[in-house]
Every structure is written in structure tokens, then in C-alpha cells.
Amino acid sequence: MPELPDVEAFRRFLNRTANRQTIEKVTVRDELILRGVPARRFQAQVKEKKFTSTLRHGKYIFVSLQPVESRSARKGFLVFHFGMTGYLRSFSGHEPEPEYNRLIFHLSNGLSIAFNCRRRLGSIWYTEDREEFIARRHLGPDALRIDFQDFLQLLAIKKGGIKCVLMDQSILSGIGNIYADEILFQARLHPRTPLTAMDASDKKNLFEAIHSVLHKAAALNANPARFPRMYLNRHRHSRGLCPRCQATLTTIHACGRTAYVCPREQLLKH
DNA sequence: AGTACCACCTGACGGC
DNA sequence: TGCCGTCAGGTGGTAC
């Protein structure tokens with residue numbers, strides 16, 4: 001699930017439920033999510049700190065943490081990455097808990113925030129230097145915060161197939177397989193189109209598709225049921241039809257992932 | 001440099 | 001019913 005629009009929805013969810021709250025206790029059900037950091041150390045790093053603001057960079061969320069009591073405690077950031085199956089839920093402790101809650105933050109308002117991750121590919125970190133974290137993970141600029149001129153500069157240093165470029169988090173941060181397909185469909189570009197074959201209007205269309213698709217999906221809380229009928233996503237399954245021309249969608253492999261394309265409108269340029 | 005492939009993980013689904 | 005292969009919206013490393 002979690003690409004940029006989904007992660008943006010999680011960020012807003014955190015703002016609604018956890019803003020200004022203090023982390024009173026952290027339950028670590030699955031230490032694997034902490035990627036080598038012992039549960040004790042992680043708990044010590046975040047306990048008795050207050051959620052202040054949130055910032056999303058690509059598919060990552062950074063939550064600012066402020067120490068509440070101790071003068072010696074440091075400011076820092078909780079970092080969430082959701083892998084393929086991660087999401088956040090709040091609960092108050094009375095209802096039965098869902099399966100696969102890997103980590104639970106117990107807050108001062110009585111709510112608990114669970115990091116649920118069936119496939120355990122998601123991660124949670126604590127860092128005191130957000131920019132260093134972003135640099136160390138080689139994350140490019142956020143896909144929704146880049147302007148057209150900078151976007152053209154990024155494309156200028158690459159040569160490969162466009163879908164690979166869109167999904168490369170070190171170039172542009174936030175786009176995964178599903179939204180790459182949607183963006184390329186809206187821009188009427190074949191996933192394997194080499195950057196060298198794209199003219200100025202292709203690049204303009206692509207930039208506009210990135211913005212319109214990601215903005216729209218985020219505004220709809222990344223809920224595909226609410227996506228426009230003209231979106232590929234609603235038809236992205238075997239035997240699905242192109243919502244514009246009704247051709248049967250085909251699948252190809254590009255950049256190691258399955259891509260859905262309209263065989264009539266997304267033609268390969270060389 | 002660009003792409004494919006595997007590993008990390010777990011579960012769903014279809015075929016036999 | 002049960003077993004098996006395949007696939008799934010994440011990333012990172014390696015190998016052509």
C-alpha cells in the first residue's frame with residue numbers, strides 16, 4: 001500500500017491523533033522492525049517525549065519529538081517506513097487488537113498508536129539528525145516538492161527506462177509501482193521509454209502527471225475507491241479495460257516489476 | 001550505467 | 001483438503 005499518497009494520509013492521521021501527546025510507554029512486539037536497535041535502547045530514546053510536528057519525505061514520516069521532563073534528554077525524530085504492508089492504527093485498549101501489531105506507542109491522552117505490518121518489511125528508527133538520515137539513505141527530493149526546472153535537471157543525468165527512473169528513490173522520493181503506472185498512463189508514456197527518447201512535451205506531461213496524480217490521490221486519502229473513473233488504478237487488474245479507449249490492458253515487466261499499460265495509447269518510442 | 005535477480009518476510013490464490 | 005508455485009503497492013545488495 002504505502003507510496004507517497006498513502007504515507008501522507010498516515011502523516012495526517014498522526015497529526016489528528018497524536019499531536020502534542022507524550023509517549024508514556026512503547027510496547028515492542030517484534031524487535032525486527034527496529035532493524036538491529038535493541039528494544040530497550042529504542043524505548044529509552046523515545047519515552048517521555050512529546051509528538052510535536054510531522055514531516056513527510058517521500059515514503060518516510062519524521063515525527064519531531066521534544067523531551068518533556070528531563071533537561072538532559074535530547075530532541076529527535078521518530079522515523080516510520082511502511083514497507084509493503086505497514087500502516088498505523090489508533091486504539092484505546094478496549095477493543096480486540098488486530099493481528100500483526102509490531103510496535104505500540106501508548107500516549108498520554110489514553111490512545112495507543114499501533115504500527116501494524118504483516119510482512120515485517122516496515123521499519124521504525126530514532127534519529128537526531130533528519131538531514132543526515134535522508135542523505136544516508138540516498139533519498140532524492142520529495143516528488144511533490146520539486147519544481148519543473150529541478151525535475152528537468154534530474155532527468156538530464158539519467159538515461160534508462162522512465163519507469164525505473166520514477167521508482168528510483170535516490171532520484172525522486174515517493175513513487176512506487178502503483179503510482180508509477182498511474183502517472184505513466186496519465187502522461188501516455190510507455191514504461192520502457194528511454195529518457196533519451198523523451199522530448200520537451202513528454203517531460204512536461206510527465207511532470208504534470210506526477211503532480212496531478214499524487215496531489216489527487218493524497219487529497220482522496222489514497223483511497224482507490226474514490227479515485228476518478230479515468231484513473232488506471234480502478235482498472236489495474238487482469239482483463240481490465242483502458243478507461244479512455246476500452247482496449248484490454250496488458251502487463252509487461254519493467255524494472256523488475258509488473259507494469260499495466262494501455263497497448264493502444266502507451267506506445268514505445270525509441 | 002542500466003537492468004535483472006535474489007533476499008528479506010508473510011499471506012492469498014489458483015491449479016492439481 | 002493439502003501441497004506447490006506464483007504473486008504482492010517496500011528496499012538493498014549483487015551480478016551480469
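Here the structure is a predicted model, which means the values were calculated and not measured. A, B, ... follow the sequence lines: proteins, then strands. Residue 1 opens every chain.
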Checklist entry - Which part of the nucleic acid does A:Cys117 contact within heavy-atom distance under 4.0 Å: base, sugar-phosphate only, or nothing? => result nothing
Item to check | Sole residue of A:Thr17, A:Thr22, A:Leu78 in side chain to side chain contact (heavy atoms under 4.5 Å, CB included) with A:Phe51 | outcome: A:Leu78
Checklist entry - Considering only side-chain heavy atoms of A:Arg192, which listed nucleotide, C:dG9, B:dA4, B:dC9, is closest? => result B:dA4
Item to check | Proximity to the side chain of A:Arg137 - top-ranked nucleotide from B:dC9, C:dT11, B:dG2 | outcome: C:dT11
Checklist entry - What nucleotide among B:dA4, B:dC9, B:dG11 has an atom nearest to a side-chain atom of A:Arg119? => result B:dC9
Next on the checklist: Below the 4.0 Å mark, does C:dG10 have OP1 or OP2 next to a side-chain nitrogen or oxygen of A:Ser123?
Outcome noted: no
Checklist entry - Has A:Lys59 got a side-chain N or O lying under 4.0 Å from the OP1 or OP2 atom of C:dG10? => result yes
Next on the checklist: Say we look at B:dC9 and C:dG2: how far apart would their P atoms be, to the nearest angstrom?
Outcome noted: 28 Å
Checklist entry - Is any side-chain N or O of A:Lys158 closer than 4.0 Å to OP1 or OP2 of B:dA1? => result no
Next on the checklist: Taking any heavy-atom pair under 4.0 Å as a contact, classify A:Tyr100: base, sugar-phosphate, or nothing.
Outcome noted: sugar-phosphate
Checklist outcome for this item: Heavy-atom nearest nucleotide on DNA chain C taken for A:Tyr60 and for A:Arg118; more 5' hit belongs to A:Arg118
Checklist entry - Can you check whether A:Tyr126 and A:Phe77 have ring centres sitting under 6.0 Å from each other? => result no
Checklist entry - Hey, does the side chain of A:Arg35 come within less than 4.0 Å of B:dC8's phosphate (OP1/OP2), counting only N and O? => result no
Checklist entry - C:dG10, B:dA4, C:dT11: which one has an atom nearest the side-chain heavy atoms of A:Gln169? => result C:dT11
Item to check | Separation of atom CZ in A:Arg136 from atom P in C:dG12, rounded to whole Å | outcome: 11 Å
Checklist entry - What is the pairing partner of B:dC9, taking Watson-Crick or G-U wobble pairs with both distances under 3.5 Å in any strand? => result none
Item to check | Distance, rounded to the nearest Å, where A:Tyr231 contributes OH and C:dG9 contributes C1' | outcome: 16 Å
Next on the checklist: Heavy atoms only, 4.0 Å cut-off, all strands: where does A:Gly161 land among base, sugar-phosphate and nothing?
Outcome noted: sugar-phosphate
Item to check | Spacing between A:Leu121 atom CG and B:dC6 atom P, to the nearest angstrom | outcome: 17 Å
Item to check | Distance, rounded to the nearest Å, where A:Met167 contributes CE and C:dA8 contributes P | outcome: 12 Å
Checklist entry - Which whole number of Å gives the distance between the P atom of B:dC5 and that of C:dT6? => result 13 Å
Checklist entry - When the P atoms of B:dA4 and C:dC7 are considered, how many whole Å apart are they? => result 15 Å
Checklist entry - Considering only B:dA4, C:dG10, B:dT10, which nucleotide approaches the side chain of A:Glu3 most closely? => result C:dG10
Checklist entry - Do A:Asp202 and A:Lys269 sit within salt-bridge range, that is, some charged N less than 4.0 Å from a carboxylate O? => result yes
Checklist entry - Roughly, in whole Å, what's the span from CD1 in A:Ile33 to P in C:dT11? => result 15 Å
Checklist entry - What's the CZ-C1' distance between A:Arg257 and C:dC7, to the nearest Å? => result 11 Å
Checklist entry - Quick check, are the ring centers of A:Phe133 and A:Phe62 under 6.0 angstrom apart? => result yes
Next on the checklist: How many whole angstroms separate atom CZ of A:Arg102 from atom P of C:dG10?
Outcome noted: 19 Å
Checklist outcome for this item: By the Watson-Crick or G-U definition, both distances under 3.5 Å, B:dC16 is matched with C:dG2
Checklist entry - Between A:Glu31 (CD) and B:dC8 (P), how many Å, whole number? => result 19 Å
Checklist entry - Heavy atoms, side chains only, cut-off 4.5 Å: are A:Leu189 and A:Gln266 in contact? => result no
Checklist entry - At what distance, to the nearest 0.5 angstrom, does CZ of A:Arg145 lie from NE2 of A:His57? => result 6.5 Å
Item to check | Heavy-atom donor-acceptor pair, A:Arg120 side-chain to B:dC9 base, under 3.5 Å | outcome: no
Next on the checklist: Taking the minimum atom-to-atom distance to the side chain of A:Leu32, which one of B:dC9, B:dT10, B:dG2 wins?
Outcome noted: B:dC9
Checklist entry - Just wondering, are more than 12 heavy atoms of other shown residues or ligands nearer than 6.0 Å to CZ in A:Arg229? => result no
Checklist entry - On a whole-Å scale, what distance lies between the P atoms belonging to C:dG5 and B:dC6? => result 14 Å
